[in-house]
Amino acid sequence: MRRSPFIYVLTAFFAFTTATMAQTKPEKRVSITLKHGAHRLGKRTDKQMQTWRNYGLGQFIHWGVYAIPGGHWEGKYYPGAAEWIRSWKEMPKEAYDNLYKQFNPEKFNARGWAKQAKEMGAKYVIITTKHHDGFCLWPSKYTDYTIAKSPYKKDIIGQLVDAYDAEGIDVYLYFSIIDWNHPGYRSSLKTEADRKEYEDFKTFTRNQLVELLERYPSTKGLWFDGSWDKAWIEQAEFADELGRELREMIPGLIIGSRFRADENGNRHFDTNGDMMGDYEQGWERKIPETIEDIHGNDWDCVMTIPENQWGYHSDWKGHVKTSNELIEMLVKSVSLDGNFVLNFGPDGEGNIRPEETKLAAEIGAWMDVNKEVVYGCGYLDWKKQDWGYYTVNRETGKKYMVVFNMPVSGALRVKVPDNTRPDKAYLLEQPESDITIEEIHRNEYFVHYKPMTPVKKPFVIVIETTESDADEGHYQKAKT
Ligand code: FHN
């Protein structure tokens, strides 16, 4: 399409400001025609995406040869994220690149991992097929740097896909665009020679992705990472085409906003401020505060148990989250229409570490009783209160108060929209419990609950409402 010179100036401006704008939603200032921007406005409404939206809880697995050093090399402690140890100046690259010759995780039990995830309540799993180091947990025919060349030899991704499929947990494949092992990989393209080499890398990337979907056709989606390099950002047309090809291979395939940039180099959100991909993938280790923060998009939060450790680090330092904290993050995510994905980093022998097993069991015990406030639930447009979060079942409209901070008064404040009257409340765990509701004034109530024993876990009150006539039986507001 022929564009006015003004548009060219604008386009150049956007290209120039890309680095700073990446990952923040640009203001909706202009609407220009983009060839490789968002291809859809608003949420996807198909069955697959509805299933995704209703998961609530997922599991992330970061596993690879970085689990062998586990955050240490020759007695030195690596303070970064364990899966990044290869990039540490103290880590000899050659030693790292030969670690796969020792990768023989004899304790690995895919069925055990899947069973544990099921008991925790996970509805989907995201598995690292290869992280930034390029080591493939499947026997890719496009490189020798794979599990097939390790002493273990067997296809790990295949075993995990089968095991999680058997438990009814949907599988999503994590794939890093960054690949430190491929000779053609570059983070930026400075010379003609770089560009030439990078073409090989692009073909390799495409071949591996096609290979993964061919080998594991039950895959529900791809979780891309390591897509922030300048070299990849410049590949808008290639990435867009590749996305199309992959989506054709598995109808309904779900791909988040990290995959590709638009032709002006904007990531996640295109030049017009529209999200590229099926859900927003920018909520890493953070959760939105309000519904406005999500701009009407689907989103997931991926979370570590310690501070920013994804792969196995034998020595977690700093704060390690408790199950109560993680449950709160899960419920907060659901209350704001997102999914919460908790990361696990198994060790080099294939064990899930005891701390993770304990947390999975505690979350699972809570989910066992309270899962109905998570699965199929989302945002309720009632004003948030300090005691916790509301969620609502998208299909039935059943409403929940998930209480994390019990007021000493025993009075939980509830503010409702016009024409809504709460008329019954009871504990999810004890449907026969009848909790008193007191009207304070128009649209505002106290739900009175006095626990018999000290509250140690978040608990749920179901609240039923009827549509009411605005003025009927309410106190009149003072005229001031
Ligand atoms: O660099 C990676 C990191 O190691 C980890 O895989 C996380 C998971 O979301 N993603 C990248 C950082 O955004």
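Excluded from the calculations below are hydrogen atoms, water molecules and symmetry mates; all remaining heavy atoms, backbone and side chain alike, are included. The chain is numbered in sequence order, starting from 1. Whatever order the structure lists ligands and atoms in, that order sets their numbers, starting from 1.
Take Y77 and apply the ring pair (Phe, Tyr, Trp, His ring centres under 6.0 Å) test, not counting sequence neighbours, and it matches H72, H313. For R111, the side-chain hydrogen bond (donor to acceptor under 3.5 Å, both in side chains) test picks out no residue, with sequence neighbours left out. Under the salt bridge (Lys or Arg N to Asp or Glu O under 4.0 Å) criterion, D97 pairs with R86, sequence neighbours left out.
Aromatic pair Y390/W382: centroids less than 6.0 angstrom apart.
Considering W63, F344, Y164 in turn, W63 is the only one that fulfils the ring pair (Phe, Tyr, Trp, His ring centres under 6.0 Å) rule with W113.
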Is there any protein N/O under 3.5 Å from an N/O of ligand 1, and what does the full list of such pairs look like?
unit_1: ligand 1; atom_1: 1 (O); unit_2: W84; atom_2: NE1; d: 2.9
unit_1: ligand 1; atom_1: 1 (O); unit_2: H132; atom_2: NE2; d: 2.7
unit_1: ligand 1; atom_1: 4 (O); unit_2: E83; atom_2: OE2; d: 2.5
unit_1: ligand 1; atom_1: 4 (O); unit_2: W84; atom_2: NE1; d: 3.1
unit_1: ligand 1; atom_1: 4 (O); unit_2: H131; atom_2: NE2; d: 3.1
unit_1: ligand 1; atom_1: 6 (O); unit_2: H62; atom_2: NE2; d: 2.7
unit_1: ligand 1; atom_1: 6 (O); unit_2: H131; atom_2: NE2; d: 2.7
unit_1: ligand 1; atom_1: 6 (O); unit_2: Y174; atom_2: OH; d: 3.4
unit_1: ligand 1; atom_1: 6 (O); unit_2: D225; atom_2: OD2; d: 3.2
unit_1: ligand 1; atom_1: 9 (O); unit_2: E284; atom_2: OE1; d: 2.8
unit_1: ligand 1; atom_1: 10 (N); unit_2: D225; atom_2: OD1; d: 3.3
unit_1: ligand 1; atom_1: 10 (N); unit_2: D225; atom_2: OD2; d: 2.5
unit_1: ligand 1; atom_1: 10 (N); unit_2: E284; atom_2: OE1; d: 3.4
unit_1: ligand 1; atom_1: 13 (O); unit_2: R258; atom_2: NH1; d: 3.3
unit_1: ligand 1; atom_1: 13 (O); unit_2: E284; atom_2: OE1; d: 2.7
unit_1: ligand 1; atom_1: 13 (O); unit_2: E284; atom_2: OE2; d: 3.1

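E307 has a carboxylate O that lies under 4.0 Å from a charged side-chain N of K321, or vice versa, which qualifies the two as a salt bridge.
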